[in-house]
Structure formats: C-alpha cells, structure tokens
Colleague: 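Supplied in structure tokens, the structure appears directly below.
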Amino acid sequence: MSEYVLTLSCPDRPGIVAAVSGALAQRACNILESQQFGDRSTGRFFLRIQFEAPEGLEDALREAFGALAGEFGLDWNLHDRAVRSRVLILVSKYGHCLNDLLYRQRSGLLDVDVVAVASNHPDMRPLTQSYGIDYHHLPVTPETRAAQEAEIMALVEHYQADLIVLARYMQVLSDDFCAKLPGRVINIHHSFLPSFKGARPYHQAHQRGVKLIGATAHYVTPRLDEGPIIEQEVARVDHTQGPEELMAVGRDMECLALARAVRWHAEHRILLNAERTVVFR
C-alpha cells in the first residue's frame, strides 16, 4: 500500500465529502485521517484526507480527482507521503532557529530533508557543515540585491527545493522573488509588529513594559511581514526581565513557532484561505 494526502478547497456545497470518499472507496483506498472546514464568511470548503491506496494507483486517483474538480470547482493537490519535502534555509547572523531546525531534522522530529543553507554572512557555516549540509555564502548590498536573489533562485532550482525557510534571514525579499514562489516561503519574526518596528525591538518593548513576548510564522508575500499567518507562540514576561532576557524568551518562541509551521507545511496541513490559512493540526 502507498500513503497519500489529498488537500482541496472549493465553493462550499453539499456532496463534496461524499464524492471524494466515494471515489476513494471505489478504488479500495482506506482513509486514515480526515479533516474538513467550511468557512461561512467566504463560502469556501477545505478538506484534508490522508489515506492508503493499492500500489500503482496514483494515475487513476489523479484522473478521478480531476473529474471531480470539474464538477465541484476543486483546487486540489495529491501528495505522496513517501516523498519528503526538500528545504532550503536562509539565515543571517542569528542561528537559534537554524540550529533548532537542523537538530529536529537529524533527530527525526521534523520529516524533511534540509538540502542546503544560504546566508548573506559566513557565520553559520561551521554549524551547518557539522550536520553535513552544504553552506552557501551569498553577500548582498543594495546594488547587488537582484544578482544575489538570482543566486538564491539558482540554488532553489539546483537542489529542487520545495520550501524556503527564512530562519531569521534579515533581508527583505523583492516582490519579484516572492511572486515566483507563492506559498513556498515561510518567515519567522517577533510578534510585536506592527509596533516596535526597526532596530532593537526588544529594547523598545522593554521600555513600554510589555507583558507578552511572541513570535509569528507566516508565508511570505510582497506585503512585508503581512503574509498569511501559520502559527504564533507567546509567553508571559514581567517587570523583572530586562531586554536581554526578553530576547532570550523571544528566541525560544521563534524556534517553536517556526518548527511547527515547517512541520505542518511538510505534512500538507496548511491550506491558503485568501489572506488567512486553514491549518489542520
């Protein structure tokens, strides 16, 4: 038996689940997990089904779902669970998220293949290479930004990366780059935004006496730090903690939120719903 994940969205109407499950039953498939959501505000229906199928049935399944797409207006994808997501990580000088992802991948907690790491600084080369992963130093200036992004895109193609993770990559990606990889780039940042923008956000937050520290993982779009949110993590802080302690708490929150977002993406649990996401945990 082979194991697959079917994800779909379409205009909501009766009969969608029956049609999909019926198509699976007719082909001797066994449903292992099924989650669905109807968004009344948009009139869209979302479905994720994980199932087993007899060997050699993928083409027939695609043909069946293609026929249903015409009837129900499905936007669908079929994923072979034996095929692991190939991840390219971009990082700058802060290595906590990179270190966390590499550890989780090596220890089997994150079912992906990290195929390479690229950075505008050389600092994370020893960490990356200790895991036996290729490291690419791609310096960037305002004048060389387009050329550097072309090099990143060449790495995406060379390594056949399915997902690009910005693990505290402190460069703004161009609109053109974002447009080429919709739904394939995940970013992590502190959750103070839109407050405390710019340099030293934790110092700004400390001066204002914040009581919650958080992190947000989201898909990257041309709208800076405003892409569809995948996951957020928060922790309470108080007046006894200085800026450095707040930063330490923030780093932990960033690692947790980003790891969950990458795992859910790799498990095909995230469906885009306009400017939001549906996450079947």
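Just so you know, residue 1 is the first one in the sequence shown, and it goes up from there.
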Colleague: Please answer: with hydrophobic residues joined when any side-chain heavy atoms are less than 4.5 Å apart, are V91 and L163 in the same cluster?
Modeller: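 Linked within one cluster.
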Colleague: For the residue pair H189 and T216, establish whether any side-chain heavy-atom pair is separated by less than 4.5 Å.
Modeller: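 The answer is yes; the side chains approach within 4.5 Å.
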Colleague: Between the main-chain N or O of V140 and the side-chain N or O of T144, is there a donor-acceptor pair closer than 3.5 Å?
Modeller: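 Here the side-chain-to-backbone pair does not exist.
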Colleague: To the closest 0.5 Å, what do you measure between CG (D238) and CG (L212)?
Modeller: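 These two atoms lie 11.5 Å from each other.
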Colleague: Within the 4.5 Å heavy-atom criterion, are V185 and L173 side-chain neighbours or not?
Modeller: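 Yes; the side chains approach each other to less than 4.5 Å.
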Colleague: Passes side chain to side chain contact (heavy atoms under 4.5 Å, CB included), E267 versus D111? Steps please.
Modeller: CA-CA 8 Å; E267 293 176 354; D111 194 23; 5.8 Å; no
Colleague: May I ask you to test the D134-V117 pair for a side-chain heavy-atom distance under 4.5 Å?
Modeller: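 SC-SC contact between D134 and V117 ruled out.
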Colleague: What residues form a ring pair (Phe, Tyr, Trp, His ring centres under 6.0 Å) with F65, not counting sequence neighbours?
Modeller: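 Ring pair (Phe, Tyr, Trp, His ring centres under 6.0 Å) check on F65 returns W76.
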Colleague: N120 and S92: side-chain donor and acceptor closer than 3.5 Å?
Modeller: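 Present: a donor and an acceptor within the cut-off.
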Colleague: A118 and L138: which non-hydrogen atoms are nearest, and at how many Å?
Modeller: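 Residues A118 and L138, closest heavy atoms: CB-CD1, 4.2 Å.
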Colleague: Considering residues at least two apart in sequence or located in another chain, which fulfil the ring pair (Phe, Tyr, Trp, His ring centres under 6.0 Å) criterion with F177?
Modeller: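 Expected list: none.
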Colleague: Considering only residues two or more places apart or on different chains, which pairs with a residue in residues 59-69 satisfy side-chain hydrogen bond (donor to acceptor under 3.5 Å, both in side chains)?
Modeller: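 Every side-chain hydrogen bond (donor to acceptor under 3.5 Å, both in side chains) pair that includes a residue of residues 59-69, provided the two are not neighbours, is E58-R62.
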Colleague: Starting at CG of L102, measure out to CE of M124 and round the result to the nearest 0.5 Å.
Modeller: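 Rounded to the nearest 0.5 Å, the CG-CE separation comes out at 11.0 Å.
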Colleague: Which heavy atom of P54 sits nearest a heavy atom of A28, and at what distance?
Modeller: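 Minimum heavy-atom separation between P54 and A28: CD-O, 3.7 Å.
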Colleague: For the atom pair CG (L101) and CD1 (I89), what is the distance rounded to the nearest 0.5 Å?
Modeller: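 Separation between the atoms: 5.0 Å.
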Colleague: Using 0.5 Å steps for rounding, measure from the CG atom of L8 to the CZ atom of R44.
Modeller: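 Spacing of CG (L8) from CZ (R44) equals 9.5 Å.
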Colleague: Centres of the H190 and F196 rings: under 6.0 Å?
Modeller: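 No - the distance between ring centres of H190 and F196 does not fall below the 6.0 Å cut-off.
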Colleague: Report yes if some heavy atom in the side chain of V17 is under 4.5 Å from a heavy atom in the side chain of F45; otherwise report no.
Modeller: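 Yes, side chains in contact.
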Colleague: Can you tell me if Y135 has over 12 outside heavy atoms packed within less than 6.0 Å of its OH?
Modeller: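 Counting other residues, nucleotides and ligands, OH of Y135 exceeds 12 neighbours.
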Colleague: Above 12 or not: heavy atoms from other molecules or residues under 6.0 Å from CZ of R200?
Modeller: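 No.
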Colleague: Identify every side-chain donor-acceptor pair in residues 273-281 under 3.5 Å, counting partners at least two apart or on other chains, and give the distances.
Modeller:
from : atom 1 : to   : atom 2 : distance (Å)
N273 : ND2    : D39  : OD2    : 2.7
E275 : OE2    : R223 : NH1    : 2.9
R276 : NH2    : D39  : OD2    : 2.8
R276 : NH2    : S41  : OG     : 3.4
T277 : OG1    : I229 : O      : 2.6
R281 : NH2    : E231 : OE1    : 3.4

Colleague: Do the side chains of P228 and H218 get nearer than 4.5 Å, heavy atoms only?
Modeller: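 No; the side chains remain at least 4.5 Å from each other.
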Colleague: What's the separation between atom CD1 in I164 and atom CG in N187, rounded to the nearest 0.5 Å?
Modeller: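 Going from the CD1 atom of I164 to the CG atom of N187 covers 12.5 Å.
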Colleague: For residues I188 and V249: do they belong to one hydrophobic cluster (side chain heavy atoms under 4.5 Å, members Ile, Leu, Val, Met, Phe, Trp, Tyr)?
Modeller: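 In one cluster with I188: V249, no.
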Colleague: Please step through salt bridge (charged side-chain N to carboxylate O under 4.0 Å, His left out) for the pair E52 and R81, ending with a clear verdict.
Modeller: CA-CA 10 Å; E52 291 178 327; R81 291 208 68 210; over 6 Å; no
Colleague: Looking only at heavy atoms, which two atoms of C97 and A167 are closest? And how far apart?
Modeller: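 Heavy atoms only, the tightest pair is CB-CB, 3.9 Å.
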Colleague: With the side chain counted from C-beta on, respond yes when L110 and V262 share a heavy-atom pair under 4.5 Å apart, and no when they do not.
Modeller: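 Yes, their side chains come closer than 4.5 Å.
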Colleague: Establish whether V165 and Y94 are linked, either directly or via other cluster members, by ILVMFWY side-chain heavy-atom contacts under 4.5 Å.
Modeller: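 Shared cluster, no.
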Colleague: One pair to check against side chain to side chain contact (heavy atoms under 4.5 Å, CB included): K180 and D176. What are the steps and the verdict?
Modeller: CA-CA 6 Å; K180 291 177 180 177; D176 182 60; 3.3 Å; yes
Colleague: Can you check whether N99 reaches H96 side chain to side chain, under 4.5 Å on heavy atoms?
Modeller: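 In short, these two side chains do not touch, never coming nearer than 4.5 Å.
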Colleague: Linking I/L/V/M/F/W/Y whenever any side-chain heavy atoms sit under 4.5 Å apart, do L256 and L109 land together?
Modeller: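 No; tracing contacts between hydrophobic side chains, which count when under 4.5 Å, never links both residues.
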Colleague: According to the side-chain hydrogen bond (donor to acceptor under 3.5 Å, both in side chains) rule, which pairs have a member within residues 19-29, sequence neighbours left out?
Modeller: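 The answer is none; no pair qualifies.
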Colleague: Could you tell me whether the side chain of E245 and the main chain of G242 form a donor-acceptor pair under 3.5 Å?
Modeller: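 Yes, E245 side chain to G242 backbone: donor-acceptor pair under 3.5 Å.
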Colleague: Identify whether L98 and L88 are in the same connected component of the hydrophobic contact network (ILVMFWY, side-chain heavy atoms under 4.5 Å).
Modeller: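 L98 does not cluster with L88.
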Colleague: List for me each residue that meets ring pair (Phe, Tyr, Trp, His ring centres under 6.0 Å) alongside Y202, sequence neighbours excluded, and say none if there are none.
Modeller: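 Applying ring pair (Phe, Tyr, Trp, His ring centres under 6.0 Å) to Y202 gives F192.
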Colleague: Taking all non-hydrogen atoms of both residues, which atom of L68 and which atom of A23 are closest, and how far apart?
Modeller: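 Minimum heavy-atom separation between L68 and A23: CD1-CB, 4.2 Å.
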Colleague: Give me the atom names and distance for the closest heavy-atom approach of I270 to A261.
Modeller: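 Taking I270 first and A261 second, the nearest heavy atoms are CD1-O, 3.9 Å.
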Colleague: Show, in sequence, the C-alpha distance, side-chain angles and deciding distance for L272 and S9, and conclude whether the side chain to side chain contact (heavy atoms under 4.5 Å, CB included) test is met.
Modeller: CA-CA 9 Å; L272 290 173; S9 65; over 6 Å; no
Colleague: Give the minimum heavy-atom separation between F72 and P14, together with the two atoms involved.
Modeller: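 Minimum heavy-atom separation between F72 and P14: CE2-O, 4.1 Å.
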Colleague: Could you grab the distance from atom CZ of R48 to atom NE2 of H79, nearest 0.5 Å is fine?
Modeller: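 Atom-to-atom, R48:CZ and H79:NE2 are 8.5 Å apart.
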Colleague: Backbone N or O of S174 within a donor-acceptor pair of the E149 side chain at under 3.5 Å?
Modeller: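 Side chain of E149 to backbone of S174: a pair is present.
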Colleague: Carefully, step by step, assess T128 and S119 under the rule side chain to side chain contact (heavy atoms under 4.5 Å, CB included).
Modeller: CA-CA 11 Å; T128 301; S119 176; over 6 Å; no
Colleague: Could you check if a side-chain atom of M253 sits within less than 4.5 angstrom of a side-chain atom of Q232, using non-hydrogen atoms only?
Modeller: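 A side-chain contact under 4.5 Å is absent here.
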Colleague: Under 4.0 Å between a Lys/Arg side-chain N and an Asp/Glu carboxylate O for R260 and E233?
Modeller: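 Between E233 and R260 there is a salt bridge, with a charged N closer than 4.0 Å to a carboxylate O.
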Colleague: Looking just at side-chain N and O atoms, do H136 and Y159 make a donor-acceptor pair shorter than 3.5 Å?
Modeller: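 The criterion, which ignores hydrogens and geometry beyond distance, is satisfied for Y159 and H136.
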Colleague: Under the criterion salt bridge (charged side-chain N to carboxylate O under 4.0 Å, His left out), I'd like the reasoning laid out for D113 against R84: C-alpha separation, chi angles, the key distance, then a yes or no.
Modeller: CA-CA 7 Å; D113 291 325; R84 290 158 59 100; 2.9 Å; yes
